[in-house]
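I have placed the structure first, in the form of C-alpha cells, so that the comments after it can refer back to it.
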Amino acid sequence: MQIRAFRDTDEAAIIALWERCGLTRPWNDPRRDIARKLAEDPRLFLVGERDGDVMASAMAGYDGHRGWVHYLAIHPDHQGQGHGMSLLAAVERALQARGCPKLMLMVRNEHPTLIDYYRRQGYDDGDFVTLGKRLIADD
Ligand SMILES: CC(C)(COP(=O)(O)OP(=O)(O)OC[C@H]1O[C@@H](n2cnc3c(N)ncnc32)[C@H](O)[C@@H]1OP(=O)(O)O)[C@@H](O)C(=O)NCCC(=O)NCCS
C-alpha cells in the first residue's frame, strides 16, 4: 500500500470506500466532510492506494492540543494484512512531526471489538466521556 495525501480525483472512490466499510451516517454528508477537511488541513487527509486503486483512508487533524483521526478505513478485500496498523502509524508519525503530543480517536459503541484492536496498538481508555454538539446540520 502506498500512502499519500488525498487528491480531488479521489472523492468518489473515498466515499465508496466509506460506504463499503460502514462509516457513512445519514447526519454526516461525506462530500461536505471532505470539502471541510480540504479547506482546513488537506495534508492530514491520507489515502492508501495499491496499483492505482484507492483502498484506504484516514482523516487526521491537530487542534494544537490533541490530534484526532477519523474515517480510518481499509477496503474489506485488503483487511487483516496489517494495512490498518501501518496507516495508523503513518498518522501518528505525521502528527508527531507537528509536535502533537497525543492522538485521540472515537469508536462507536456498536463496534466493541474495535476497541481491542486499538488497545493492541497502544491506545487506552481515558477516564472521560466524549461529548459532542452539532453546529451545522448536514441532513
Ligand atoms: C478497523 C480496520 C481499519 C482495521 O484495518 P485492518 O487492515 O483490517 O487491520 P490490521 O490488519 O492492521 O489488523 C491487525 C489486527 O487487528 C485485528 N482486527 C482488525 N479489525 C478488527 C476489528 N474490527 N475488530 C477486532 N480486531 C480487528 C486483526 O484480526 C489483526 O489481529 P491479529 O494481528 O491478532 O490477527 C478495518 O478493519 C476497517 O476498515 N474496518 C471498517 C471500518 C472501521 O470500523 N473503521 C474504524 C472506525 S473507528
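In this chain, residues are counted from 1 in sequence order. Counting starts at 1 for both ligands and their atoms, following the listed order.
- The side chain to side chain donor-acceptor pair (under 3.5 Å) pairs that include a residue from residues 126-136 are Asn28-Arg134, Arg134-Asp138, where partners are two or more places apart or lie in different chains.
- With side-chain heavy atoms closer than 4.5 Å counting as contact, directly or through intermediates, the hydrophobic cluster containing Val129 also holds Leu131.
- How far CG of Leu103 is from CD of Gln96: 10.0 Å, rounded to the nearest 0.5 Å.
- Protein residues with a heavy atom under 4.0 Å from ligand 1 are Cys21, Leu23, Leu72, Ala73, Ile74, Gln79, Gly80, Gln81, Gly82, His83, Gly84, Met85, Met106, Thr113, Leu114, Tyr117, Tyr118, Arg120.
- Side-chain N or O atoms of Lys102 include none that pairs as donor or acceptor with a backbone N or O of His65 at under 3.5 Å.
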Which donor-acceptor pairs under 3.5 Å do side chains of residues 77-86 form with protein atoms, sequence neighbours excluded?
from: His78; atom 1: ND1; to: Arg50; atom 2: NH1; distance (Å): 3.3
from: Gln79; atom 1: NE2; to: Ile74; atom 2: O; distance (Å): 2.8
from: Ser86; atom 1: OG; to: Gly82; atom 2: O; distance (Å): 2.8

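- No more than 12 heavy atoms of other residues, nucleotides or ligands shown are found within 6.0 angstrom of CZ on Arg31.
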